[in-house]
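Below is one structure, written out as structure tokens; comments come after it.
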Amino acid sequence: MTRAERAKQFLPFDSMKGLKEALAEREERHSREEKRELCEEETDRLSERLARLSPGAGVRVRCYRDWREQTLEGRLAGIDREGGRLFIENISGAIRFEDIYSIVPAVPNR
């Protein structure tokens, strides 16, 4: 038996195919956070800030995305006011207005 053939005996073996993925998925589901609701004052403040935004501005957005609260930062790529969505450069997908907790001006990292 050659050295390479002997080494193959000790390669990792997954006797329960898919178990690792199933456990990771279950752990992800358990780590999900509930979306919190904003009070009326916070909603009004957020609406004012959204009205003043213009594409190209640097922003830091605190929002509910992918089952948890996140902070995203970058240049504002676009605003769909009718559809209620915000787009940030280099961030995949849109951020819905109802998922936003706060928006503050920021200088995006380049």
Side-chain angles (χ1 to χ4, degrees):
M1 182 180 281
T2 68
R3 200 173 225 174
E5 289 172 338
R6 228 177 296 135
K8 285 183 183 178
Q9 296 178 59
F10 302 104
L11 289 175
F13 175 69
D14 186 5
S15 62
M16 300 181 82
K17 289 200 181 288
L19 178 64
K20 189 184 290 186
E21 292 82 9
L23 290 173
E25 181 183 328
R26 186 176 182 136
E27 184 178 329
E28 188 275 329
R29 276 192 311 227
H30 285 290
S31 69
R32 292 179 178 176
E33 298 173 6
E34 281 194 40
K35 182 181 173 187
R36 63 182 170 94
E37 297 296 321
L38 299 178
C39 69
E40 197 171 324
E41 283 179 18
E42 291 172 314
T43 305
D44 293 342
R45 209 173 317 132
L46 186 59
S47 293
E48 289 173 17
R49 286 201 174 131
L50 285 169
R52 285 188 258 134
L53 286 177
S54 60
V59 292
R60 182 178 298 129
V61 179
R62 187 83 181 143
C63 63
Y64 185 76
R65 185 176 164 126
D66 299 329
W67 303 102
R68 57 189 47 84
E69 202 169 308
Q70 298 181 11
T71 300
L72 306 172
E73 191 172 326
R75 288 210 177 277
L76 194 57
I79 305 169
D80 176 8
R81 296 188 195 282
E82 290 179 15
R85 298 178 304 166
L86 194 71
F87 299 91
I88 298 178
E89 290 178 4
N90 300 321
I91 305 279
S92 64
I95 303 167
R96 299 179 319 164
F97 287 176
E98 63 259 21
D99 292 337
I100 298 173
Y101 296 133
S102 68
I103 298 178
V104 293
V107 178
N109 297 333
R110 290 209 171 222

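Just so it is clear, the structure is predicted and the values come from calculations on it, not from any experiment.
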request  = Would you give the length of the straight line joining atom CD of Glu27 to atom NE2 of His30, rounded to the nearest 0.5 angstrom?
outcome  = 9.0 Å
message = When you measure from the side chain of Glu69 to the backbone of Glu33, do you find a donor-acceptor pair of N or O atoms at a distance under 3.5 Å?
response = no
task = Would you mind checking if Asp99 and Arg65 are paired as a salt bridge, meaning a charged N to carboxylate O distance below 4.0 Å?
result = no
inquiry  = Counting neighbours of CZ on Arg36 that are heavy atoms of other residues, nucleotides or ligands and sit closer than 6.0 Å, is the number greater than 12?
reply    = yes
remark   = In terms of heavy-atom contacts, Glu21 and Gly18 come closest through OE1-CA, 3.1 Å
Point-to-point distance, once rounded to the nearest 0.5 Å, from CD1 of Ile79 to CG of Leu53 = 5.0 Å
key: Exam field: side chain Arg75 to backbone Gly56, donor-acceptor pair closer than 3.5 Å   = yes
inquiry  = With clusters defined by side-chain heavy atoms of hydrophobic residues (ILVMFWY) lying less than 4.5 Å apart, directly or transitively, does Ile91 cluster with Val61?
reply    = yes
query = Within a strict 4.5 Å, meaning less than it, do heavy atoms of the Arg29 and Arg26 side chains meet?
reply = yes
remark   = Taken in chain and number order and not counting sequence neighbours, the residues that satisfy side-chain contact (heavy atoms from CB on, under 4.5 Å) with Ser102 are Arg62
ask   = Which pair of heavy atoms, one from Ala77 and one from Pro55, lies closest together, and at what distance?
value = O-CB, 4.2 Å
key: With sequence neighbours excluded, residues passing side-chain contact (heavy atoms from CB on, under 4.5 Å) with Thr2   = Ala4, Glu5
request  = For residues Phe97 and Asp80, determine if any side-chain heavy atom of one lies less than 4.5 Å from a side-chain heavy atom of the other.
outcome  = no
inquiry  = To the nearest 0.5 Å, what is the distance between CZ on Arg68 and SG on Cys63?
reply    = 12.0 Å
message = To the nearest 0.5 Å, what is the distance between CD on Glu98 and OH on Tyr64?
response = 12.5 Å
query = Does Phe87 belong to the same Ile/Leu/Val/Met/Phe/Trp/Tyr cluster as Val59, with side-chain heavy atoms less than 4.5 Å apart forming each link?
reply = no
query = In terms of hydrophobic clusters joined by side-chain contacts under 4.5 Å, are Trp67 and Ile95 together?
reply = yes
inquiry  = With heavy-atom distances below 4.5 Å as the criterion, would you say the side chains of Glu73 and Thr71 are in contact?
reply    = no
task = Is it possible for you to say whether Leu50 and Leu38 belong to one hydrophobic cluster, with membership spreading through side-chain heavy-atom contacts below 4.5 Å?
result = yes
request  = Search all heavy atoms of Cys39 against all heavy atoms of Glu42 and return the closest pair with its distance.
outcome  = N-OE1, 2.9 Å
key: Nearest-0.5 Å distance, CG of residue Leu86 to CD1 of residue Ile100   = 4.5 Å
